[in-house]
There are 2 protein chains.
Amino acid sequence: MTTSDRDDGRFSYEGLDRIIHERARLSVLTSLVAHPKGLPFPDLKRLCGLTDGNLSRHLAVLSEADLVSLEKGSAHNRPQTVCRLTASGRQRFIGYLGVLEQVVRDAAEAAERGPDAGRRGLDPVTKPA
Amino acid sequence: MTTSDRDDGRFSYEGLDRIIHERARLSVLTSLVAHPKGLPFPDLKRLCGLTDGNLSRHLAVLSEADLVSLEKGSAHNRPQTVCRLTASGRQRFIGYLGVLEQVVRDAAEAAERGPDAGRRGLDPVTKPA
DNA sequence: GCCGTTACTTTGCGGCGCAAAGCGCGATGA
DNA sequence: TCATCGCGCTTTGCGCCGCAAAGTAACGGC
């Protein structure tokens with residue numbers, strides 16, 4: 001047998017929150033958790049390699065979900081939006097990271113266990129050039 | 001200073017392949033890497049907690065991208081599709097996992113470094129000078 | 001005043017995830 | 001023998017989303 005009933009959902013990873021599990025937003029949240037004092041919009045943009053519009057959109061989503069707070073003020077006679085993780089955002093992000101870690105563990109373990117197990121169906125595994 | 005030029009893209013994680021970085025497909029790939037001999041459609045469906053339609057769609061995408069192979073045959077007088085990781089799929093997935101691991105490391109490290117660093121900024125909003 | 005730059009926001013579109021409906025087919029039963 | 005059921009997928013349809021390009025606003029030289 002290949003699977004048993006109690007394996008149902010073994011790899012479903014329901015904790016991968018749709019809001020967080022998105023490349024750009026993952027970037028943003030990681031940047032923010034690494035800069036707990038907050039980051040101005042342009043810095044965040046550079047760190048994440050995002051365009052203005054893109055970052056704006058994602059920040060709106062994250063803010064809507066109360067994962068980040070946006071403090072719109074001004075500095076050097078210019079508008080400045082400082083972005084921060086909220087306390088609950090931090091919690092949710094850390095929870096998400098736990099799931100992500102589980103994914104990596106599951107997969108890495110499996111990948112290591114049988115690099116050429118079941119070779120019947122798989123092409124011979126070749127090294128990357 | 002908050003960021004320096006050479007930090008550009010520090011958290012952009014370009015290796016997070018759009019095809020792979022999707023909850024359902026991540027489930028599928030992890031299941032498959034854990035079962036190198038392949039999995040029949042219904043087993044995969046249960047492992048991943050997906051609906052038929054959903055799994056079908058994602059398999060089509062993964063197959064299109066040559067990450068998985070679909071072997072349509074029959075067993076017990078019933079149609080049976082066996083899904084397997086391709087060799088290149090395996091490599092790409094492993095590459096992706098490396099990036100994911102980096103994300104987890106970056107974030108976990110940062111989160112641990114300052115669980116309450118900059119805490120003042122989290123709820124009471126303070127103005128940067 | 002005009003032009004360029006900075007700091008965002010809005011708009012438009014293509015694509016995607018998801019659930020519900022559909023299809024094919026063998027087994028079952030009247 | 002012919003409907004009916006259930007299993008194994010596939011297709012359809014809708015709504016949301018990511019992304020880039022265009023738009024707005026406000027300041028700083030010239």
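Lettering follows sequence order; numbering is per chain, from 1.
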B:Y96 and A:V104, any side-chain heavy atoms less than 4.5 Å apart: no
B:R25 CZ to C:dC16 P: how many Å, rounded? 8 Å
Got B:D17 and B:F93 here, is their nearest side-chain heavy-atom distance under 4.5 Å? no
Are A:S56 and C:dC8 close enough that a side-chain N or O sits under 4.0 Å from OP1 or OP2? no
Would you say the side chain of B:F41 lies within less than 4.5 Å of the side chain of B:L70, judging by non-hydrogen atoms? no
Just to be sure I understand the rule, does A:K72 reach a base, reach only the sugar-phosphate, or reach nothing, if contact means heavy atoms closer than 4.0 Å? sugar-phosphate
Using a 3.5 Å distance criterion without hydrogens, assess whether the side chain of A:R25 forms a donor-acceptor pair with backbone atoms of A:I19. yes
Whether A:R84 side chain and A:K37 backbone form a donor-acceptor pair below 3.5 Å: yes
A:L62 versus A:L32: any side-chain heavy-atom pair under 4.5 Å? no
Nearest-angstrom distance from the residue atom CZ of A:R23 to P of C:dC16: 15 Å
What integer distance in Å separates A:L55:CG from C:dA7:P? 12 Å
To the nearest angstrom, the CD-P distance between A:E71 and C:dA7 comes to 16 Å
DNA chain D nearest-nucleotide lookup for B:D52 and A:R57: closer to the 5′ end is B:D52
For B:R57, all residues meeting salt bridge (charged side-chain N to carboxylate O under 4.0 Å, His left out), sequence neighbours excluded: none
Would you check if the side chain of A:T81 reaches a backbone N or O of A:E71 as a donor-acceptor pair within less than 3.5 Å? no
Terminal axes of the helix from C:dG1-D:dC30 to C:dA30-D:dT1 (5 end pairs apiece), angle rounded to 10 degrees, sit apart by 20°
Separation of C:dT9 atom C1' from A:N54 atom CG, nearest Å, is 13 Å
How would you label the contact of B:R18 with the nucleic acid (heavy atoms, under 4.0 Å): base, sugar-phosphate, or nothing? sugar-phosphate
Rounded to whole Å, CD of B:E22 lies from C1' of C:dC18 at a distance of 10 Å
Kindly indicate whether the side chain of B:L26, heavy atoms from C-beta on, has any atom under 4.5 Å from the side chain of A:H21. yes
Which protein N or O atoms sit under 3.5 Å from an N or O of nucleotides 24-28 of chain C?
from   : atom 1 : to    : atom 2 : distance (Å)
C:dA27 : OP1    : B:N77 : ND2    : 2.9

Hey, where on DNA chain D does chain B first and last touch, going 5' to 3'? Cut-off is any atom under 4.0 Å from a heavy atom. D:dG6 to D:dG18
With B:Q80, which residues qualify under side-chain contact (heavy atoms from CB on, under 4.5 Å), at least two apart? B:P40, B:A75, B:V82
Start at the 5' end of DNA chain C and walk down; is the nucleotide closest to A:L70 or to B:I19 reached first? A:L70
Would you kindly give the CD-to-P distance between A:Q80 and C:dT9, to the nearest whole Å? 13 Å
Quickly work out the A:H21 NE2 to C:dC18 P distance and round it to whole Å. 10 Å
Looking at every heavy atom in both B:I20 and B:R92, which two are closest together, and how far apart are they? CD1-O, 3.9 Å
Just jot down the side-chain contact (heavy atoms from CB on, under 4.5 Å) partners of B:S31, sequence neighbours excluded, or say none. A:F11, B:L39, B:L44, B:L47, B:C48
